[in-house]
Amino acid sequence: MGRRTKARECAFQLLYQWEITGDPMDQVREGFWRLRSGTPQMRAMAERLACGAQSRAAQLDGAIAEAATHWRLDRIAPVDRTILRLGAYELAAEADTPAAVVLDEAVELAKRFGEADSPSFVNGVLDAIRRRVRDGQG
């Protein structure tokens, strides 16, 4: 597993723990890195993605709700919602990362941590967000 993939996985885990516990992100990060190791670059990327997504959660949730037609945000599984927040954040704020990479990595997270239908759901929602954010459509 590459360094950037590992960083995204850690970002997902940080963001998911924040979502589930409701603890402040600083507290989540502190506890997480006590149990997990990584290179300084991997850790920096993980924290940048997780903290960025957490700080824009309300805005990202709006984009997700708009893109996830026929789904209320609170009905989306927490794992999928976390992956979607992370992917939506990366599409919006990490313009140097190709959209295809963001979608592929999010689908891989969904395969690893989500349910059987999570990968296709995550791909569809993030692709709709990609069209609006990266292509300027909608």
Side-chain angles (χ1 to χ4, degrees):
M1 186 180 304
R3 176 180 58 85
R4 294 175 65 83
T5 299
K6 202 89 146 142
R8 284 183 184 92
E9 181 180 301
C10 288
F12 160 74
Q13 291 170 332
L14 285 161
L15 202 54
Y16 182 77
Q17 186 174 344
W18 168 79
E19 162 88 2
I20 296 302
T21 65
D23 292 339
M25 185 54 88
D26 286 344
Q27 185 178 330
V28 169
R29 284 188 352 231
E30 184 181 312
F32 183 81
W33 295 118
R34 262 188 266 146
L35 301 174
R36 184 84 187 244
S37 63
T39 66
Q41 299 92 341
M42 185 273 286
R43 183 175 169 160
M45 180 179 173
E47 289 187 8
R48 184 181 76 244
L49 293 175
C51 292
Q54 181 262 330
S55 71
R56 295 188 189 180
Q59 175 188 357
L60 298 171
D61 288 353
I64 292 164
E66 189 176 324
T69 54
H70 309 294
W71 281 90
R72 286 193 341 256
L73 192 67
D74 63 342
R75 299 276 309 181
I76 297 173
V79 166
D80 294 347
R81 190 169 51 241
T82 301
I83 294 168
L84 290 169
R85 279 182 184 145
L86 189 60
Y89 172 77
E90 199 166 0
L91 285 169
E94 302 275 326
D96 291 343
T97 305
V101 171
V102 175
L103 269 65
D104 287 346
E105 293 277 349
V107 167
E108 288 304 314
L109 284 171
K111 286 178 184 174
R112 184 151 183 215
F113 296 102
E115 299 294 327
D117 59 349
S118 294
S120 60
F121 178 70
V122 164
N123 187 63
V125 173
L126 287 180
D127 191 49
I129 292 171
R130 176 201 55 82
R131 285 192 303 273
R132 275 199 308 278
V133 171
R134 294 277 178 103
D135 298 344
Q137 298 176 2

Could you go through Thr97 and Arg4, starting from their C-alpha distance and side-chain angles, then the distance that decides it, and tell me whether this counts as side-chain contact (heavy atoms from CB on, under 4.5 Å)? CA-CA 11 Å; Thr97 305; Arg4 294 175 65 83; 3.3 Å; yes
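- Linking ILVMFWY residues whenever their side-chain heavy atoms come closer than 4.5 Å, directly or via other members, leaves Val107 and Ile83 in distinct clusters.
- Atom CG of Leu73 is separated from atom CD of Glu66 by 12.5 Å, given to the nearest 0.5 angstrom.
- Salt-bridge check for Lys111 with Glu108: passed, with a basic side-chain N closer than 4.0 Å to an acidic carboxylate O.
- By the 6.0 Å contact criterion, CH2 on Trp71 is open, its count of non-hydrogen atoms from other residues, nucleotides or ligands being 12 or less.
- Residue Leu60 holds its CG atom at 11.5 Å from OG1 of Thr82, rounded to the nearest 0.5 Å.
- Contacts classified as side-chain hydrogen bond (donor to acceptor under 3.5 Å, both in side chains) and involving residues 49-63 (residues at least two apart or in different chains) are given here: Asp61-Arg85.
- Separating the CZ atom in Phe32 from the CD atom in Gln13 is a distance of 4.5 Å, to the nearest 0.5 Å.
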Can you list the steps and then say if Leu109 with Val122 is a side-chain contact (heavy atoms from CB on, under 4.5 Å)? CA-CA 9 Å; Leu109 284 171; Val122 164; over 6 Å; no
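- Between Ile64 atom CD1 and Asp80 atom CG the span is 10.5 Å, to the nearest 0.5 Å.
- Residues Leu49 and Tyr89 share a closest heavy-atom pair of O-CD2, 3.9 Å.
- Within the model, atoms CD1 of Ile76 and OG of Ser118 stand 10.5 Å from one another, a figure rounded to the nearest 0.5 Å.
- Phe113 is linked by a ring-ring contact (aromatic ring centres under 6.0 Å, His included) to Phe12, counting only residues two or more places apart in sequence or in another chain.
- Among all heavy-atom pairs drawn from Cys10 and Arg36, the shortest one is SG-CZ, 3.6 Å.
- Closest approach of Trp18 to Ala57, counting heavy atoms only: CH2-CB, 3.9 Å.
- Nearest heavy atoms, Leu126 versus Gly87: CD2-C, 3.8 Å.
- Ala46 and Leu14 get closest at one heavy-atom pair: O-CD1, 4.3 Å.
- No more than 12 heavy atoms of other residues, nucleotides or ligands sit less than 6.0 Å from atom CD of Glu115.
- Using modelled atom types, no side-chain atom of Arg112 and backbone atom of Glu9 make a donor-acceptor pair closer than 3.5 Å.
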Checking Gln41 against Met45 for the side-chain contact (heavy atoms from CB on, under 4.5 Å) test, could you report, in this order, the C-alpha distance in whole Å, the side-chain angles of both residues, the deciding distance, and whether it holds? CA-CA 6 Å; Gln41 299 92 341; Met45 180 179 173; over 6 Å; no
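- In this structure, Arg43 and Pro40 have side chains that are not in contact, with every pair of non-hydrogen atoms separated by 4.5 Å or more.
- Contact between Ala53 and Leu15 at its shortest, heavy atoms only, is CB-CD2, 3.6 Å.
- Applying the salt bridge (Lys or Arg N to Asp or Glu O under 4.0 Å) test to pairs two or more places apart or on separate chains, those with a residue in residues 91-101 are Arg48-Glu94.
- There is a path of hydrophobic side-chain contacts, each under 4.5 Å, that joins Ile20 to Met25.
- Between the Arg8 side chain and the Ala106 main chain, no donor and acceptor come within less than 3.5 Å of each other.
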